[in-house]
Amino acid sequence: MPRLSEVIAALDNLWPAERAESWDAVGTVVGDPDQEVTRVLFAVDPVQEIVDEAVKLGADLLVTHHPLYLRGTTTVAASTFKGRVVHTLIKNDIALHVAHTNADTADPGVSDALAGALDLRVVRPLVPDPSDPEGRRGLGRVCELDTPLTVREFAARAAQRLPATAQGIRVAGDPDAPVRTVAVSGGSGDSLFDHVRAAGVDAFLTADLRHHPASEARAHSPLALLDAAHWATEWPWCELAAAQLDEISDRHGWDLRVHVSRTVTDPWTAHAASSGATTDSSGAPN
């Protein structure tokens, strides 16, 4: 069986820490480099529910996309929810490793997995990494559909292919407009509108779209917007990453057991469709 340090070295080769954004907190959070690793669990969020799943599974290593401590801390007391996560991990000899923005821009990365889940053909990065001479790494992806769909049909595909969440898929734009080219970005994507417009695509699928950036984007062009749940746009990466580690394990003869959590950790748990709206603007709130 490999040691944790060997597995981490392989993960660092996939997602080098130096390619993370300067504000990010990636790498190994908890773990003894000399401990043996036999079972690995991939998940989006390092929350207690996922850690409890790792314990029940008998995992030695938990790999998550989101950091545990993004802004640092002064305590890991078990009276805090993040401290309880740390205590549970250490008590059960489970290491925690994070690949966040270094996985976003990887080749393949988070947006490649999202494009694959939607059956899109990746053409190029949306925001290329200038340090990549081959032009394959970068943030987001510009994609093509093999067969054009309407915005409505593409939204239905996204709702069917991505993990189910309370939010589903929100759409801005003409439902009957044709979609041939799409920009995708796993996670929060409304900071990328300038790049999306420059790409000249028909639609942009991402998460966490806010009112004003979305409204301004729609005013600029007929670009269709599809807003999915943050967790749902990043979960496909877990399957991609697990497959990558499986291949490494086979190549090295490690015989790792690699798993992907299917626990929904999206924080939104219910959705009530609007039913009392009125078209009479006189009755609208100020």
Side-chain angles (χ1 to χ4, degrees), residues 15 19-26 42-47 50 64-72 82 98-106 108-118 120 122 125-129 137-143 154-155 158-159 161-173 182-199 201 203-221 223-238 240-241 264-269 271:
W15 317 299
R19 291 184 187 152
E21 296 289 340
S22 59
W23 50 264
D24 206 359
V26 301
F42 283 85
V44 174
D45 296 301
V47 294
I50 295 297
T64 65
H65 182 52
H66 289 153
L68 179 62
Y69 289 108
L70 186 57
R71 294 177 177 82
K82 291 188 178 183
V98 173
H100 192 211
T101 54
N102 48 333
D104 286 333
T105 58
V110 171
S111 293
D112 292 292
L114 175 57
L118 298 172
L120 301 173
V122 173
L126 177 62
V127 186
D129 180 346
R137 292 197 310 268
L139 191 61
R141 295 293 185 266
V142 175
C143 309
F154 183 57
R161 301 286 183 85
L162 295 180
T165 61
Q167 173 180 316
I169 308 294
R170 298 192 301 174
V171 177
V182 181
V184 299
S185 182
S188 304
D190 64 14
S191 65
L192 302 176
F193 277 129
D194 287 344
H195 299 280
V196 173
R197 282 192 290 269
V201 294
F204 179 36
L205 187 146
T206 187
D208 298 341
L209 291 180
R210 294 169 296 164
H211 175 89
H212 293 295
S215 178
E216 291 171 7
R218 289 287 304 148
H220 273 288
S221 72
L223 174 72
L225 306 178
L226 291 90
D227 183 39
H230 189 120
W231 173 85
T233 64
E234 293 179 330
W235 183 85
W237 171 80
C238 295
L240 168 65
V264 178
T265 54
D266 185 74
W268 306 104
T269 57
H271 170 81

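Everything numeric in this text was worked out from a predicted model, so none of it was measured. Positions are given from 1 along the sequence.
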Does the side chain of [Y] come within less than 4.5 Å of [X]'s, by heavy atoms?
X	Y	result
L139	S111	no
W231	T165	yes
F193	F204	yes
V184	T206	no
F154	L120	yes
L226	V182	no

Considering all heavy atoms of both residues, which atom of [X] and which atom of [Y] are nearest to each other, and what is their separation?
X	Y	answer
P46	P67	CG-O, 3.7 Å
T269	A166	C-CB, 3.7 Å
D190	P213	OD2-CG, 3.9 Å
A224	R218	N-NH1, 4.2 Å
L162	A228	CD1-CB, 4.1 Å
A117	P236	CB-CG, 4.1 Å

Between [X] and [Y], is there a donor-acceptor pair closer than 3.5 Å when you use the side chain of the first and the backbone of the second?
X	Y	result
K82	L68	yes
D227	V171	no
R137	R19	no
N102	H100	yes
T64	V98	no

*Sequence-distant partners of V122, side-chain contact (heavy atoms from CB on, under 4.5 Å), two or more places apart*: D112, A115, R141, C143
*asked:* Using the salt bridge (Lys or Arg N to Asp or Glu O under 4.0 Å) criterion, which residues pair with D104? Sequence neighbours excluded.
replied: none
*Compute whether any side-chain donor of one residue and acceptor of the other, for T101 and D24, lie under 3.5 angstrom apart.*
yes
*How are the rings of H65 and W237 set relative to one another: parallel (under 30°), tilted (30 to 60°) or perpendicular (over 60°)?*
tilted
Could you state the interatomic distance from [atom1] ([X]) to [atom2] ([Y]), rounded to the nearest 0.5 Å?
X	Y	atom1	atom2	result
R197	L223	CZ	CG	8.0 Å
D194	L126	CG	CG	10.5 Å
E234	T265	CD	OG1	10.0 Å

*Which residue, T105, V142, V196, L192, forms the side chain to side chain contact (heavy atoms under 4.5 Å, CB included) with V127?*
L192
*Assess whether atom CZ of R210 is packed by more than 12 heavy atoms of other residues, nucleotides or ligands within 6.0 Å.*
no
